[in-house]
Amino acid sequence: MNIALIILAAGKGTRMQSELPKVLHKVAGAPMLIHAMRAGRALEPKRSIIVAGHGFEAVSAAARTEDPDVEIVVQEAQLGTGHAVDQARDALGDFDGTVLVLYGDCPLIQTRTLEELTATLNDSAVSVLGFDAKDPARYGRLITDGDKLKRIVEFKDASPEERAVTLCNSGVMAAPANFLFDLLSEIDTDNASGELYLTDVVGKAVARGLQCAAVRCAERETLGVNSRIELMQAEKEFQNLRRAEALEDGVSMPAPETVHFSFDTVIGRDTVIEQNVVFGPGVTVESGAQIRAFSHLEGAHVSRGCIIGPYARLRPGAELAEDVKIGNFVEIKASALDEGAKVNHLSYIGDAHIGARANIGAGTITCNYDGVMKHHTYIGQEAFIGSNTMLVAPVTVGQDAMTASGSVITQNVPAGDLAIARSKQDNKSRFALKLMKRLRALKAAKQNKN
Ligand code: UD1
Ligand code: MG
């Protein structure tokens, strides 16, 4: 289907109590606008237009990071949803496909629901997505006659009988472009808000003797965010949805309610995710990996058979090959670890390349930052880094090489060599006993004085 997506995102969102435009508030690590864009983008629209107003620059920038080809039109003053859609008229020109209108503050809408909606356009001039509301509150009401949609009435304009209707308008609408803009020329501001209502196009189409359809979806999908409380509800819904999906896709989670996903987390089947794991944006975990309790991952790629955590932190650019082991209190940043490498305890690995099956001892630090610049550390395959080694980058430890525990490595270590970079041990014979005796005597003398 030849689709043009129009996403309305010009509103201020006063009730968010925020400097940030409403549609840029995040759900699962991505602005709500991006969620709407992704749901729409899956339909492979020919055109994508965002109507922006409040926070125009910031909204445009965020939209372009998701889709560099997105078109952005400005709505200077927010004169209503009908006026907002009309702002895309010039940009669409003689586009003769279907327009699909979404709201930028409605992050839970699902692609398959949008597909169901647009599929009804064969028999309907305008199709509207509705839901049976538990509490219809101030939503617009869908006035139907049997399975036909007759008109939409806004809460403010509705009679008591109309307010008793529980089938509500989600705001999502689909119609042929030419027809929609034609109808939009007919609507007026003769209503309780003095705004141009997009919803009025339904009544106009019906007045022309055309048929309109209401398609129902689950209420949670249409959750529109107007306040921080609703933002939190959207987050909760998203997480529940994502957890259920992961379980269905073959991921094991003993306590799914404690696992936090990002909008773009990818998890392979037969992966186990233990309690209290947090996925920031940009994480892919391949099949059969284990993410143990209390680990935090973002911008990381974890391959098959890896074991991460408990209490591990993978930061952006962590690229782990198969069967890598990352243990407790280990932080990995912008580093590639080849197959079977192990960093099991209390270490920081940043800007490094660790060769296959290398073993990084407890307390190892790559000293990657000199206060101004970042430097790289290279560790060859099967190297053995002794506990508490400081690797002062830039530095290379060759393959099969070793470093002695407690070493501060400032020079390259050739392949197969052992580097010892610490002061030599000096044992003072019987001196510990003498020293203790003296200290105890000093303490006793002090106590006698008091
Ligand atoms: C709208 C619908 C209502 C529906 C409800 C669902 C109309 C007239 N009413 O009401 O039937 O039940 O959504 O949530 O359409 N926007 C602009 N420019 C404007 C006005 C709005 O871009 O001039 C954008 C907002 O940023 C928001 C969306 O359109 O993303 C909806 O606007 P909002 O003011 O929240 O409409 P509602 O009164 O909730
Ligand atoms: Mg609203």
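Indexing begins at 1, ligand by ligand and atom by atom, following the structure's order.
For ligand 1, the atoms lying closer than 4.0 Å to a non-hydrogen atom of A9 are 22 (O). Close approach to D105 involves these atoms of ligand 1, each under 4.0 Å from a residue heavy atom: 27 (C), 30 (O). Taking a cut-off of under 4.0 Å to the non-hydrogen atoms of L8, the atoms of ligand 1 that pass are 22 (O), 24 (C), 29 (O), 30 (O). Every atom of ligand 1 is numbered from 1 in the order shown, and the set under 4.0 Å from a heavy atom of T81 is 7 (C), 8 (C), 15 (O), 20 (C), 21 (C), 29 (O), 31 (C), 32 (O). For ligand 1, the atoms closer than 4.0 angstrom to any heavy atom of G140 are 3 (C), 4 (C), 11 (O), 12 (O). Listed by atom number, the atoms of ligand 1 under 4.0 Å from A84 heavy atoms are 17 (C), 18 (N), 22 (O).
The closest side-chain donor-acceptor pair between S127 and S124 falls under 3.5 angstrom. A donor atom on one side chain and an acceptor atom on the other are not found under 3.5 Å apart for H376 and N368. Side chains of D157 and Y197: a donor-acceptor N/O pair is present below 3.5 angstrom, by distance only. Side-chain atoms of H353 and D338 form a donor-acceptor pair, as typed in the model, at a separation below 3.5 Å. With no hydrogens or angles considered, a side-chain donor-acceptor pair links T113 and E221 at under 3.5 Å.
In this structure, atom 12 (O) of ligand 1 lies nearest to the protein heavy atom N169 O, 2.7 Å. Atom 38 (O) of ligand 1 has E154 OE1, 4.8 Å as its closest protein atom, hydrogens excluded (heavy atom only). Atom 20 (C) of ligand 1 has its closest protein heavy atom at G80 C, 3.7 Å.
Nearest to atom 31 (C) of ligand 1 by heavy atom, out of Y103, F155, Y139, Y197, is Y103. Comparing Q78, K22, H54, Q75 by heavy-atom distance to atom 18 (N) of ligand 1, the nearest is Q75.
Counting heavy atoms closer than 4.0 Å to ligand 1, residue L79 contributes backbone atoms (N, CA, C, O) but none from C-beta onward.
V85 has its side chain within reach of L184: a pair of non-hydrogen atoms, C-beta onward, lies under 4.5 Å apart.
Side-chain N or O atoms of Q290 include none that pairs as donor or acceptor with a backbone N or O of I273 at under 3.5 Å. Within the 3.5 Å criterion, the main-chain N or O of N226 finds a donor-acceptor partner in the side chain of E230.
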